[in-house]
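What follows is a single structure, written as structure tokens, with notes after it.
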Protein chains: 2
Amino acid sequence: MFQSKALPKHCDVCTIRRRSICGALSADEIEAMNQIAHRRHCEAGAVIMHEGEKQDCFGNVLNGVVKLTKTMTDGRQHIVGLLFPSDFLGRAMRVESPYRAEAVTDVELCLFPRADFERIMLRYPDLQSRLLAHTLDELDACHDWTLLLGRKNAFERVASFLLMIARRAQDLGCKADPNEDSAAFVLPLGRSDIADFLGLTTESVSRQITKMKRDGVISLHGNREVQVPSMGQLLKLADLAPCDTRA
Amino acid sequence: MFQSKALPKHCDVCTIRRRSICGALSADEIEAMNQIAHRRHCEAGAVIMHEGEKQDCFGNVLNGVVKLTKTMTDGRQHIVGLLFPSDFLGRAMRVESPYRAEAVTDVELCLFPRADFERIMLRYPDLQSRLLAHTLDELDACHDWTLLLGRKNAFERVASFLLMIARRAQDLGCKADPNEDSAAFVLPLGRSDIADFLGLTTESVSRQITKMKRDGVISLHGNREVQVPSMGQLLKLADLAPCDTRA
DNA sequence: CGGTATTTTGAGTAACCTCAACTGGTGTGG
DNA sequence: CCACACCAGTTGAGGTTACTCAAAATACCG
């Protein structure tokens, strides 16, 4: 199996290339992307883009987790999305960012200046196609989230959240035995960010987690390390509420 | 101003062409689209696509309103999106539909068989580009909706809903004097669909609407015809709650 | 080990839901 | 033309969920 052209060094070793919008690009296209790309490191808590301000870069998340937040005029906050490694950061085809992007953990980014990116996208339809696929997946996820926010109770919301994190962690780690029904992972978010993601308060999140521990659905080591003995059970709980909430 | 090629009859008179994914396509591309297109009429209440079932067509909404719903295993329902004339119907690049699509009013569609559409999309990057633009707009709207569902109270939700409908009605009618602060429109949805869209119950929607009437924010003629004396006021209420709910 | 931030727990409350009854408009049939 | 049923919407009373505010417990970090 020969490649007609060697990949640029960075891209060749890029762990998320195939899953990102760069996946399935030809060596030429990759080369063009690499020409305009630069790396950037952000510490946990750093703001990458401001809501309503001009975006000067788009890019791929190489490592870490980014949260996308919207804020109401009176200060109420909500997390509209989380980005994991291989996700695309930035709102293409628009000058201003519709949300604030903030590093939740330390983050490594592979960024493209907006103008250059848009130029290249016009030239390479494959890139557009990949971006479209990513955007459609994001839209599906967002639809699922509206169902969660519109119709699920606090317990189901937290269960759904854990499920989502477990899956993304599994995707990244890729070590999973498909027969394995148990899982373990580290929460990238604190209780208050989880609350902002689920449309709840910190206290409510905490209560539901406590309840899950009591019920044996999960066990915790410290505040962030979660073990799930049965993902199957968690899956059921995420969709079908245990309708007694007696604390 | 000459056109190098005449447009197909249907497309030439199509009222929503420029706003739809067909907008900005060349005469050749339009011709290709027209080749595979067929019209379909759906009566109010008709199911256009079933959740989880194979999509055999994509297409443009020419007329009427379509609701996209998701259902939980225990029957709880939620509307994840509304489609108006010029919106694109169907989840591209996927075989199964992630939601149920149902005609809310009588609906006129311009449909493309899935396989044909995908073939043409590969050939004409402009089409992909338009679809990407539409999908990104939908994603923005969905993000706004998660903010609504996650953080707004019942009153703000109904205000936001009226605002959205007013804007879409205005877009379509296109008659608006931009200085005009008042508006009038017909609700495409009944109370219970509004509730499913806003994550509330019929009763809660009804109470908020009653409150708005009492406060002079809107007036009704029948159950569906709404008049808004001041859109500016409605805009404020959609984001900033009047926190007393005394009935 | 001590200081700080985060999380948990508790008690009381407000917002929204549930259930049930009522209203008003529409359509049908005697 | 009126009586009746039917449906969507409204209103009311009471219950439940999740929120608010406050304090205690725990985890994290130098």
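Convention: sequence-line order gives letters A, B, ...; per-chain numbering from 1.
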Using whole Å, report how far CG of B:Leu200 lies from P of C:dT18. 11 Å
Within this structure, what is the CG-to-C1' distance between A:Asn153 and D:dC19, rounded to whole angstrom? 15 Å
Using side-chain hydrogen bond (donor to acceptor under 3.5 Å, both in side chains) as the criterion, list what pairs up with A:Ser230, not counting sequence neighbours. A:Asp181
Send over the distance from A:Asp196 CG to D:dC19 P, rounded to a whole Å. 11 Å
Where along nucleotides 1-9 of chain C does protein come under 4.0 Å, by heavy atom, of base (B) or sugar-phosphate alone (S), with - for untouched nucleotides? ------SBB
Among A:Lys211, A:Met212, A:Lys236, side-chain contact (heavy atoms from CB on, under 4.5 Å) partner for A:Val217: A:Met212
Between D:dG9 atom C1' and B:Gln208 atom CD, what is the distance in whole Å? 15 Å
Kindly state each residue pair satisfying salt bridge (charged side-chain N to carboxylate O under 4.0 Å, His left out) with at least one member in residues 134-148 of chain A, sequence neighbours excluded. A:Asp137-B:Arg91, A:Asp137-B:Arg94, A:Asp140-B:Arg91, A:Asp140-B:Arg94, A:Asp144-B:Lys70
Given A:Ile16, which partner from the list A:Leu62, A:Val61, A:Asp87, A:Asn63 fulfils the side-chain contact (heavy atoms from CB on, under 4.5 Å) test? A:Leu62
Suppose we screen for side-chain hydrogen bond (donor to acceptor under 3.5 Å, both in side chains). Which residues come up paired with A:Ser204, at least two apart in sequence or across chains? A:Thr201
Quick one: is A:Thr201 getting a side-chain N or O under 4.0 Å of the D:dC19 phosphate, OP1 or OP2? yes
Protein-nucleotide distance (A:Glu225, atom CD; D:dT26, atom P), rounded to Å: 18 Å
Test of understanding: with ring-ring contact (aromatic ring centres under 6.0 Å, His included), list the residues that count as partners of B:His143, not counting sequence neighbours. A:Tyr99
Any pair counted as side-chain hydrogen bond (donor to acceptor under 3.5 Å, both in side chains), so long as it reaches residues 39-55 of chain A, sequence neighbours left out: A:His41-A:Glu108
With sequence neighbours left out, write down each residue that passes side-chain hydrogen bond (donor to acceptor under 3.5 Å, both in side chains) with B:Asp196, or none if nothing qualifies. A:Arg151
Please identify each residue that fulfils ring-ring contact (aromatic ring centres under 6.0 Å, His included) with B:Phe84, with sequence neighbours left out. none
Compute the bend angle of the helix from C:dC1-D:dG30 to C:dG30-D:dC1 from the end axes (five pairs per end), rounded to 10°. 30°
d(CZ, A:Phe155; P, D:dC19) in whole Å: 16 Å
Please state how far atom CG in A:Leu187 lies from atom P in D:dC28, giving the value in whole angstrom units. 12 Å
Gap between atoms CZ and C1', on A:Arg157 and D:dC19 respectively (whole Å): 13 Å
